[in-house]
Amino acid sequence: MDMKSVEKKWQEQWEKSKLNVFNKKNADNKLYVLEMFSYPSGANLHVGHWYNYGPTDSYARFKKMQGYEVFQPMGFDAFGLPAENFAIKTGIHPKDSTEKNIATMEQQLKNMGAMFDWTAEIITCQEDYYKWTQWLFLQLYKKGLAYRKEALVNWCPDCETVLANEQVIDGKCERCNSVVLRKDMTQWFFKITDYAEELLADLDKIDWPEKTKLMQKNWIGRSTGCEVVFDCETGDKITVFTTRPDTLFGVNYVVLAPEHPLVNTLKAAHPENAQAIDEYVRYAAEANDIDRLSTSREKTGVFTGAYAVHPLTNQQVPIYLADYVLYSYGTGAVMAVAAHDERDFEFAKKYNLPMTQVIQKKGGETALPFCEDGILVNSGEFNGLSGSEARDAIAVRLTKLGKGGKKVNYRLRDWSVSRQRYWGAPIPMIHCEKCGVVPVPEKDLPVKLPYDVEFRPTGKSPLASHEKFMHCTCPKCGGAAERDPDTLDTFVCSSWYFLRYPEAHNDKAPFTKEVANKMSPVDVYVGGYEHACMHLLYARFITKALRDMGYIDFDEPFKRLVHQGIILGPDGNRMSKSRGNVVSPDKYIDEYGSDIFRLYLMFGFSYTEGGPWNDDGIKSIAKFLDRVERLVVKTAESPIVKSEGLTKAEKELNYAKNFAVKNIVRDAEAFSFNTSIARIMEYVNALQKHDNEHEETSEFFKDCILDLLRMLAPFAPHFCEELWEICGKKTSVFKEAYPVADEKALVKDETEYAVQVNSKIKAKALIAEGMSNEEIQTFVSALPEVAPFLEGKTVKKCIVVKGRLINLIVG
RNA sequence: GCGGUCGUGGCGGAACUGGCAGACGCGCAAGACUAAGGAUCUUGUGGGUAACUCCAUGCAGGUUCAAUUCCUGUCGACCGCACCA
């Protein structure tokens, strides 16, 4: 079969018959199967795209044949840094390169033969999409979930630009390798932390890989502990967070992060230390990520001269500044217990601070620092309590005294969405001298991204230099005002795109409640695990926020999630241009076509594992399809002999068929395509064998061949359409129902069992259906291979595992 | 450092809930058909042994009638987080 022309023929046919277009009339029966959309950074699809989209398309086709109205859209996540960086390097405008890449990729995706519903295509960099991304921003702003604050950004001094976190590799700029600094800028944030608890709790409700859920769980980082208030000599209060209130009597000093707002007050109170404090704050600010990355880094800090009062003992404890305390976590201040915390211990040792042991190992000598649970000592009335008892008791006491109490903390930080970059959706906000920050009225959306922008780095957001863009009138007072020069993180674009697909052409709204509730959530979502803590978390957050704003009625965007594995280079490393181990799918497509390539991707790897590329097996897949073709064509051309009932051989074939169907269905549902295909191969072997042994072609055999095409169709779609036609069928094989296993055909009169004596296999025996355990024991005991082992011994126990084995325990 | 995943033939990989380890395929070997075979078909293929059988799922233990599967320890590979108080 000339695969290339066959594939072209059916792709055209499918387009003409609208086979892949979702039929809204059947929406009650919908199945929303979604692959993560493509980033159009390169012109060609790479193996990873094929591996994500090919097998998932087979899944979608399989479900379609099972009777679902499958919605499988595709689009492009088209804003973002690579296009802009490419532009900076080559001078080609991001819009131009992106559009060109999209055109190429669309064609390649069509050549793949996946049943994408192109009528629902979305491209995030187009006005009719980012208009609604901006709308989303405004809703979050209205709801108080978008706010502005000063925050540190990654700053590359050489490129004179802000870098996104993903552009910082080991503390260095991914492009020029210079050390990245941190710089304070006012930025927009989304308040994802408001949803920390629900994001964590609802992980239990979704069918996602456990490791992904665990990653999100760790990322959210819930920890329960206690807040403790220390009165500062200046009259201020210092609140610290601790998970170990049981060590409260061991506090030796209090540490503030260098960025802590109280630092200036303390400095003013102790001018004698002002210089040292200033120096340390500057030192900490200049410390770059490389230093901070190193956990072995020596602890540094400075004494402020000030003291605070211990809430329970009323003792004076000194206040230090140290950058091992992170301003962004907890309260930005900690109580230091040198005897029971490794970091505090290290710091205390370095600065010769006292240590007070308050926890003792049960019954033993205690070497410091001792960070495990133990029995309280030197803790007044709390002496003798265990760790957990003490944590409760001390928290209760603090609450009573109004000096703190139980508190839950999260590691999750708010989502910074401002990007000082050009190629993104402009933030729909206006800065007016008189009215402050004013949102762009919804009727004025989109805030269009101008084309004629100098995107080469100047140290400012590129849009800031575009006068026409920047100047505007304040919607509130009508006076002159300026637009926000930043653009939105591309993760904002992708945080809601699944809601847009079903209404891709709605120009009145991003989506409607009615359609969204009907079509979403996505039933099966397939994409890379690298998005575990970014896209997948953001989309969950936005879904919940939209729900709380009344736009949708469901809690989670993706009911079931599957991660495909990664296809590595032949050398076992990740494919990369610098390694020179990139495998391009193009030459394989050229030689074998899409079906064979896709089939090989499904058969040669465990889908969720992936593995090193190796093309040894592609030929064998081509051979396999050749065999199928010969068998089908021969059968189609043979005269059919009518018969009544099934012969013994046909019964066996019927068993083989139903066994195959049962397992294919189960495995395809689990995205275990390699075993699904293995079962199809076995079935083909059985058909082949039957055909070799029989001159005539029975009606039953022909039906078996047709079922084979139905079984194989999702996995080799063009190929099976062609053979289906050769068999004289006028309608698409994808209008057929996927075969269903007939359980009756799977019941055998007798089953082969392994017979063991004392767990060692001695024989195989055919056991008739319905024999009792006693009958079985009598029967196998008499077997010539078994009997000698039982001579002179008694059978103490006979274990029968239905359909598998019999184990006689003798002694 | 913390958390997680995974170690199975020459290779890719199977093994559903603890139940015949190595499905399916590649590769290899032998044979058939052939003028020819890098086509096709048939058969064989974890290792040792002449054989009975024995040894084999990284390594060492344990639980069990039975362990690739469960538990403990250990080695190795990969991934995520990383001063989170």
Side-chain angles (χ1 to χ4, degrees), chain A residues 209-212 214-219 221-223 225-226 228 240-244 247 255 257 292-297 299 322-326 328-337 340-344 346-347 371 409-413 529-530 532-533 566 568 572 574 600 603-606 608-609 611-621 623-624 626-627 630 662-663 666-667 670 672 674-685 688-689 692 752-764 796-811:
Chain A
E210 286 304 320
K211 69 171 180 188
T212 310
L214 191 67
M215 271 167 79
Q216 288 207 353
K217 197 180 156 189
N218 292 339
W219 188 263
R222 184 183 204 272
S223 66
C226 198
V228 185
V240 305
F241 175 73
T242 179
T243 53
R244 294 292 303 274
T247 64
V255 197
R292 292 192 79 104
L293 272 173
S294 144
T295 36
S296 58
R297 179 175 176 231
K299 302 271 177 291
D323 71 355
Y324 76 88
V325 175
L326 305 176
S328 49
Y329 181 76
T331 60
V334 304
M335 57 178 226
V337 183
H340 304 293
D341 181 282
E342 276 182 33
R343 295 151 302 184
D344 300 338
E346 223 183 288
F347 189 82
C371 306
N409 235 306
Y410 300 92
R411 253 174 63 178
L412 184 69
R413 317 273 166 79
Y529 70 85
E530 64 274 14
C533 297
I566 297 171
L568 305 169
R574 265 180 183 250
Y600 175 62
F603 182 65
F605 304 85
S606 163
T608 52
E609 298 291 317
W613 174 257
N614 175 323
D615 57 14
D616 287 350
I618 293 191
K619 267 199 196 115
S620 74
I621 293 291
K623 270 197 230 172
F624 167 67
D626 274 347
R627 271 177 69 203
R630 282 196 302 274
K662 186 176 175 166
N663 288 287
R666 189 195 65 197
D667 292 352
S672 176
N674 52 349
T675 51
S676 283
I677 293 165
R679 299 292 89 79
I680 297 178
M681 287 173 168
E682 282 169 351
Y683 178 48
V684 170
N685 290 344
Q688 183 83 60
K689 186 161 174 260
N692 291 345
E752 190 185 70
Y753 280 62
V755 183
Q756 299 181 331
V757 177
N758 285 341
S759 307
K760 303 258 183 208
I761 293 179
K762 299 299 177 192
K764 302 277 168 98
K796 288 197 262 183
K797 207 169 161 190
C798 172
I799 294 155
V800 178
V801 181
K802 196 168 186 317
R804 303 220 176 238
L805 63 70
I806 298 145
N807 191 3
L808 299 170
I809 312 302
V810 303

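Computed from heavy atoms alone, side chains included, the values below leave out hydrogens, waters and symmetry copies. By convention in this document, chain letters (A, B, ...) are assigned in the order of the sequence lines, proteins followed by strands, and residues within each chain are numbered from 1.
The side chain of A:Asp323 approaches B:C83 more closely than any other nucleotide in the set B:C83, B:C24, B:C54. Each of B:A85, B:G25, B:A14 was ranked by its minimum atom distance to the side chain of A:Asn685; first place goes to B:G25. When distances are taken from the side chain of A:Leu326 to each of B:A85, B:C65, B:A23, the shortest belongs to B:A85. Closest to the side chain of A:Asp341, from the set B:G19, B:C81, B:A85, is B:A85.
Contact annotation for A:Ser223: backbone-only contact, meaning every heavy-atom pair under 4.0 Å involves sugar-phosphate atoms and none involves a base. Counting non-hydrogen atoms under 4.0 angstrom, A:Gly330 reaches nothing in the nucleic acid. As judged by a 4.0 angstrom heavy-atom cut-off over every strand, A:Lys764 is placed among the base-contacting residues. Across all strands shown, A:Glu210 has no heavy atoms under 4.0 Å from either base or sugar-phosphate atoms. Nucleic acid contact for A:Phe603: base, since at least one base atom lies under 4.0 Å from a heavy atom of the residue. The residue A:Leu805 sits close to a base: some heavy atom pair falls under 4.0 Å. Using a 4.0 Å heavy-atom distance criterion, A:Arg627 is classed as a sugar-phosphate-only contact. Nucleic acid contact class of A:Arg574 (heavy atoms, under 4.0 Å, all strands): none.
Looking at A:Tyr324 and A:Asp344, their side chains do bring a donor and an acceptor atom within 3.5 Å of each other.
Under 4.0 angstrom from either OP1 or OP2 of B:C41 there lies at least one side-chain N or O belonging to A:Arg630. A sub-4.0 Å separation between OP1 or OP2 of B:C26 and a side-chain N or O of A:Asn614 is absent. Residue A:Tyr329 places at least one side-chain N or O closer than 4.0 Å to OP1 or OP2 of B:A85. Checking the phosphate oxygens (OP1, OP2) of B:A14, a side-chain nitrogen or oxygen of A:Asn674 falls inside 4.0 Å.
Atom CD1 in A:Ile761 sits about 18 Å away from atom P in B:C65, given to the nearest Å. In this structure, A:Asn692 places its CG atom 9 Å from P of B:U43, rounding to the nearest Å. A:Arg411 has its CZ atom 8 Å from the P atom of B:A85, to the nearest Å.
Applying the side-chain contact (heavy atoms from CB on, under 4.5 Å) test between A:Lys762 and each of A:Val757, A:Val755, A:Leu808 identifies A:Val757 as the sole match. For the side-chain contact (heavy atoms from CB on, under 4.5 Å) criterion with A:Leu805, the lone passing option out of A:Glu752, A:Gln756, A:Lys764 is A:Gln756.
If you check distances only, the side chain of A:Asp616 never reaches the base of B:C26 with a donor-acceptor pair under 3.5 Å.
Distance noted for atom P between B:G62 and B:U69: 14 Å (whole Å). On the P atoms, B:C79 is 44 Å away from B:U43, given to the nearest whole Å.
For the pair A:Gly617 and A:Thr675, nearest-nucleotide mapping onto RNA chain B gives the more 5' position to A:Thr675. Along RNA chain B, the nucleotide nearest A:Asp626 and the nucleotide nearest A:Lys211 are compared for position; the residue whose nucleotide lies closer to the 5' end is A:Lys211.
Ring geometry, A:Trp613 versus A:Phe605: the interplanar angle falls under 30°, so the pair is classed parallel (tilted spans 30 to 60°).
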